[in-house]
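Here is the structure we will look at, set down as structure tokens.
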Number of protein chains: 2
Amino acid sequence: MPAMPHALDCPGCAAPELAFAAHDHAHCAHDALERAEAVTAANGARMTPVRRRVLEILLENHKALGAYDVLARLGAEGFGNQPPVAYRALEFLVEQGLAHRIQRLNAFTACTHPGEEHAPAFLICRLCHMVAEAEASAARTSLDAEAARAGFRVERSTIEALGLCPACQGAA
Amino acid sequence: MPAMPHALDCPGCAAPELAFAAHDHAHCAHDALERAEAVTAANGARMTPVRRRVLEILLENHKALGAYDVLARLGAEGFGNQPPVAYRALEFLVEQGLAHRIQRLNAFTACTHPGEEHAPAFLICRLCHMVAEAEASAARTSLDAEAARAGFRVERSTIEALGLCPACQGAA
DNA sequence: TCTATGTATGTAATATCATAACACGTCAAT
DNA sequence: ATTGACGTGTTATGATATTACATACATAGA
């Protein structure tokens with residue numbers, strides 16, 4: 001799987017913050033799955049059937065899914081249908097950096113560039129509910145500096161924006 | 001109520017991002033209540049007994065309280081004891097800019113500088129659970145710019161940091 | 001003053017999100 | 001073959017939030 005040619009071809013992969021833009025999503029998802037296998041292997045973690053399936057479900061589109069939405073899908077496919085089944089798989093994916101939790105929505109979304117160190121901001125469209133990741137290092141730097149002024153040491157930060165994606169701005 | 005002399009005297013009020021610092025909290029809370037009355041009056045909104053009481057409860061300290069914590073207090077004091085009673089009052093306070101919702105905690109905290117236009121970042125101590133407001137305009141500017149690159153229009157954003165407050169850094 | 005209107009509150013019922021605790025199965029290392 | 005770590009299934013429960021409807025209360029206009 002040649003990484004560079006692919007990234008150059010695929011807007012969604014080359015610039016994941018453009019999840020809103022049209023892109024070859026099947027490709028995008030397939031690629032993310034491949035990377036996920038690599039990431040878990042590198043971490044000595046196990047990508048089991050439930051976990052893989054949950055990731056596939058999240059990768060179906062760039063929206064955030066609630067744990068119970070995922071659970072319903074799992075149950076329908078013969079996996080367990082009790083909440084811990086979904087929550088455990090989601091927690092695993094988040095730990096491995098393969099999915100993110102969107103605090104504002106109490107929901108989860110597949111990571112669009114797994115394997116790369118990142119702590120993105122999320123752009124959440126209030127109409128179509130798409131979620132994109134955006135580079136957040138500048139915002140985080142400002143936040144850390146401001147926190148430091150108060151003597152506060154930041155360990156993790158959540159940056160989420162609610163608004164309108166390009167397509168929905170036209171609609172509204 | 002002379003605003004300037006007071007602000008100069010009270011670290012908590014002069015620099016609300018220093019909620020972690022020692023300050024005359026009774027004064028801080030009393031002042032916030034007075035300002036709250038002014039804000040609601042200016043907005044043509046009604047500061048009713050339940051709403052005032054909820055604000056007082058939130059003002060007791062700089063921690064975030066869950067809706068059900070607030071509700072338990074209300075119920076014990078003769079107000080309604082069903083969830084909507086708390087949620088409605090909290091929603092009102094948030095709308096009026098007198099309280100903030102902390103997404104990460106599914107909880108609410110009194111605003112430390114009501115009446116001033118602001119969209120702060122929150123600094124949440126994971127040990128003592130204190131919550132302080134920090135200036136977030138720089139971080140927001142970065143975020144908006146990054147969002148604009150993706151064609152996304154930000155309407156509201158949530159910026160929350162989890163970490164250790166000055167006091168708890170010593171303890172840990 | 002009366003009454004119509006909008007707003008606030010109380011209450012019941014229910015929906016939605018999340019975790020604790022325990023049983024069972026698999027697999028790799030001894 | 002036994003042990004121990006890990007993953008999954010299941011029951012039960014806890015925590016957070018909303019819908020819908022009934023009642024009370026304030027205030028403006030007749």
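Below, read A as the first sequence line, B as the second, and so on, with proteins coming before strands; counting in each chain starts at 1. Note that the coordinates shown come from a computational prediction; the quantities given were computed from them, not determined experimentally.
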Which residues pass the side chain to side chain contact (heavy atoms under 4.5 Å, CB included) test with [X], sequence neighbours left out?
X	result
A:Ser142	B:Ala138, B:Ala139, B:Ser142
A:Glu95	A:Glu91
A:Val154	A:Asp144, A:Ala147, A:Phe152, A:Ser157, B:Ala161
B:His30	B:Glu34

Spacing of [X] atom [atom1] relative to [N] atom [atom2], expressed in whole Å:
X	N	atom1	atom2	value
B:Arg101	D:dT18	CZ	C1'	12 Å
A:Ile102	C:dC17	CD1	C1'	16 Å
A:Glu95	D:dC6	CD	P	12 Å
B:Arg53	C:dA8	CZ	C1'	19 Å
B:Glu91	C:dT7	CD	C1'	13 Å
B:Asp69	D:dT16	CG	P	7 Å
B:Leu90	C:dT9	CG	P	12 Å
A:Arg51	D:dT8	CZ	C1'	10 Å

(request) Kindly write out the residues that satisfy ring-ring contact (aromatic ring centres under 6.0 Å, His included) with A:His129, not counting sequence neighbours, or none if the list is empty. (result) none
(message) Going by ring-ring contact (aromatic ring centres under 6.0 Å, His included), name the residues that satisfy it together with A:Phe108, two or more places apart in sequence or in a different chain.
(response) none
(message) Other members of the hydrophobic cluster containing A:Leu127, with the 4.5 Å side-chain heavy-atom rule, please.
(response) A:Leu164
Collect all protein-nucleotide pairs involving nucleotides 9-14 of chain D in which both atoms are nitrogen or oxygen and the distance is under 3.5 Å.
from, atom 1, to, atom 2, distance (Å)
D:dG9, OP2, A:Gly80, N, 3.4
D:dG9, N7, A:Arg88, NH2, 2.5
D:dG9, O6, A:Arg88, NH1, 3.1

(request) For nucleotides 23-28 of chain D, just jot down a letter per nucleotide in 5' to 3' order: B, S or -, based on protein non-hydrogen atoms under 4.0 Å. (result) ------
(message) Checking the side chain of A:Asn61 only, and the main-chain atoms of A:Lys63 only, is there a donor and an acceptor separated by less than 3.5 Å?
(response) yes
(message) For the backbone of B:Ala36 and the side chain of B:Arg52, can you confirm whether one donor and one acceptor N or O come within less than 3.5 Å of each other?
(response) no
(message) Any side-chain N or O of B:Asn106 below 4.0 angstrom from OP1/OP2 of D:dA15?
(response) no
